[in-house]
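One structure is given here, and the rest of the page talks about it.
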Amino acid sequence: SEEELAEINGYLEKNIGDATEDLFGIGEGKNVILISAESVQNFVIGNTVNGEEITPFLNELIEDSFYFTEFYHQTAQGKTSDSEFLINNSLFPLARGAVFFTHASNEYYSLPEILGEHHYYTAVLHANNGSFWNRDAMYKQMGYDRFYTEDDYSINKENSIGWGLKDIEFMEQSIEHMVQMPQPFHVKLITLTNHFPFELGEKDKFIKPFDSNSKTLNNYFPAVRYTDEAIKIFFDRLKEEDLYDDSIIVIYGDHYGISSFHNRAMGTYLGKEVTPFIEVQLQQVPLIIHIPGLSGEKNDTVGGQIDLRPTLLHLLGIKAENQVVFGNNLFSQDREDLVILRNGSFITKDYIYTDDLCYSKDEEMKVEKMMCEPYFDEVKNQLEYSDRIIYGDLLRFNDFQKNE
Ligand code: GP9
Ligand code: MN
């Protein structure tokens with residue numbers, strides 16, 4: 001009901017961070033390009049396998065970008081679609097099922113809709129079937145102008161592998177679509193090659209696989225390396241088409257690629273046992289925000305996908321005061337470092353809570369549960385309030401939110 005939404009709003013207002021002026025509006029009016037990097041986890045960044053870099057391009061890009069060193073995915077069973085939901089709405093996905101399927105006819109006030117109000121042309125590019133994850137329905141509901149699906153790409157045996165069109169081909173063909181778009185545009189490109197089971201043709205393996213008893217983990221590395229190359233080519237093509245200077249480019253991982261099923265092999269790679277404490281940290285995905293002309297910096301705030309929308313709106317100079325959102329601007333100095341994973345595990349500046357145990361990040365060991373307790377209510381409230389919004393379709397009562 002309306003009262004319910006008012007209660008949730010009252011709660012959220014207390015939690016709104018400052019209004020830091022730092023970087024506010026720095027990207028105003030620029031194209032906003034999101035790259036959803038399939039299954040790319042943060043542990044590959046700056047790392048090597050068999051002595052070879054896994055993400056040479058991203059490593060170089062980070063040097064003149066804002067790179068968030070501790071950023072978590074918050075997805076559940078809805079995988080990629082959950083990450084899209086988090087980023088567009090700054091709400092939590094559901095604990096079970098995929099909200100893209102179960103609540104596609106809800107009222108939302110999504111990122112594409114907001115950008116549309118600011119005269120952006122908005123589109124998603126993804127060379128898969130348009131109805132996968134119910135995207136065609138949900139994208140309409142979230143206000144995208146256009147969804148480029150597999151029907152908009154030329155796909156054949158030679159240029160595809162595994163799930164479909166190879167990332168390099170996808171990037172090249174996507175640029176052809178982008179040059180046709182009115183500007184400013186907001187696009188999201190969703191890569192696909194680095195998807196389980198990480199299949200790759202021999203000539204696309206730019207680095208050698210890992211050697212362990214997990215074929216999945218072994219093949220993960222060359223597959224990530226391939227996606228890194230595709231992103232590099234995308235940047236080259238952006239520059240050639242004169243789209244680079246007027247764009248903000250954001251690269252993030254959608255969710256983990258290596259499940260806990262492969263913990264043994266992962267432990268061999270990392271050189272340490274994958275305990276529940278390490279496993280939570282393996283839920284980190286890269287977040288790189290590249291703004292041409294700015295040098296950027298490394299940022300160690302503890303953030304999650306739910307925070308990306310407020311962060312982007314901040315950079316674009318779009319005020320977000322009356323929005324019903326659970327994330328906050330990652331550039332804010334006095335934001336609370338707290339990330340809540342969908343299973344109820346959470347991460348603060350100093351602690352990790354998972355499986356009913358509290359761990360100290362500094363000491364890398366279990367500590368008294370009371371150290372984590374101060375966060376319990378907030379974690380519970382946030383997940384519950386977000387769920388109530390979705391189950392009750394509460395945003396339909398929120399007609400005061402549309403500012404400007
Ligand atoms: C499919 C792609 C991969 O279109 O998004 O889906 P996933 O299994 O990662 O959710
Ligand atoms: Mn995915």
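Counting starts at 1 for both ligands and their atoms, in listed order. Index from 1, following the sequence.
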Task: Asp236 and Lys239: CA distance, side-chain angles, deciding distance, salt bridge (Lys or Arg N to Asp or Glu O under 4.0 Å) verdict - done: CA-CA 5 Å; Asp236 291 344; Lys239 288 175 185 168; 5.4 Å; no

Task: Under 2.8 Å from the Mn ion (ligand 2) - protein N/O/S, by chain and number - done: Glu38 OE1, Glu38 OE2, Thr80 OG1, Asp254 OD2, His255 NE2

- [ ] Show your reasoning for whether salt bridge (Lys or Arg N to Asp or Glu O under 4.0 Å) applies to Glu384 and Arg388.
- [x] CA-CA 6 Å; Glu384 274 180 18; Arg388 271 162 70 184; 5.5 Å; no

Task: Electrostatic pair Lys166-Asp204, nearest N-O below 4.0 angstrom - done: yes

Open item on the list: Taking ring-ring contact (aromatic ring centres under 6.0 Å, His included) as the criterion, tell me which of Phe57, Phe235, Tyr252 meets it with His290.
Closed with: Phe235

Task: Six-ring centre of Tyr148, Arg146 cation under 6.0 angstrom, axis tolerance 45° - done: yes

Task: Sequence neighbours excluded, every pair satisfying side chain to side chain donor-acceptor pair (under 3.5 Å) that has a member inside residues 23-33 - done: Asn31-Gln183, Asn31-Ser247

Extract all N/O-N/O pairs under 3.5 Å that connect ligand 1 to the protein, and present each with both atom names and the distance rounded to 0.1 Å.
residue: ligand 1; atom: 4 (O); partner: His126; partner atom: NE2; Å: 2.5
residue: ligand 1; atom: 4 (O); partner: Asn128; partner atom: ND2; Å: 2.7
residue: ligand 1; atom: 4 (O); partner: Arg135; partner atom: NH1; Å: 2.7
residue: ligand 1; atom: 5 (O); partner: Thr80; partner atom: OG1; Å: 3.1
residue: ligand 1; atom: 5 (O); partner: Arg135; partner atom: NH2; Å: 2.7
residue: ligand 1; atom: 6 (O); partner: Thr80; partner atom: OG1; Å: 3.2
residue: ligand 1; atom: 8 (O); partner: His195; partner atom: NE2; Å: 2.8
residue: ligand 1; atom: 9 (O); partner: Glu38; partner atom: OE1; Å: 3.3
residue: ligand 1; atom: 9 (O); partner: Glu38; partner atom: OE2; Å: 3.1
residue: ligand 1; atom: 9 (O); partner: Thr80; partner atom: OG1; Å: 2.6
residue: ligand 1; atom: 9 (O); partner: His195; partner atom: NE2; Å: 3.3
residue: ligand 1; atom: 9 (O); partner: His255; partner atom: NE2; Å: 3.1
residue: ligand 1; atom: 10 (O); partner: Thr80; partner atom: N; Å: 3.0
residue: ligand 1; atom: 10 (O); partner: Thr80; partner atom: OG1; Å: 2.8
residue: ligand 1; atom: 10 (O); partner: Trp133; partner atom: NE1; Å: 2.9

TODO: Hey, could you give me each pair passing disulfide bond (SG atoms under 2.5 Å apart) that has a residue in residues 319-362? Not counting sequence neighbours.
DONE: Cys358-Cys372

Task: Backbone of Asp167 reached by a side-chain donor or acceptor of Thr193 within 3.5 Å - done: yes

TODO: Using a strict cut-off of less than 4.0 Å between a Lys/Arg side-chain nitrogen and an Asp/Glu carboxylate oxygen, indicate whether Glu53 and Arg225 qualify as a salt bridge.
DONE: no

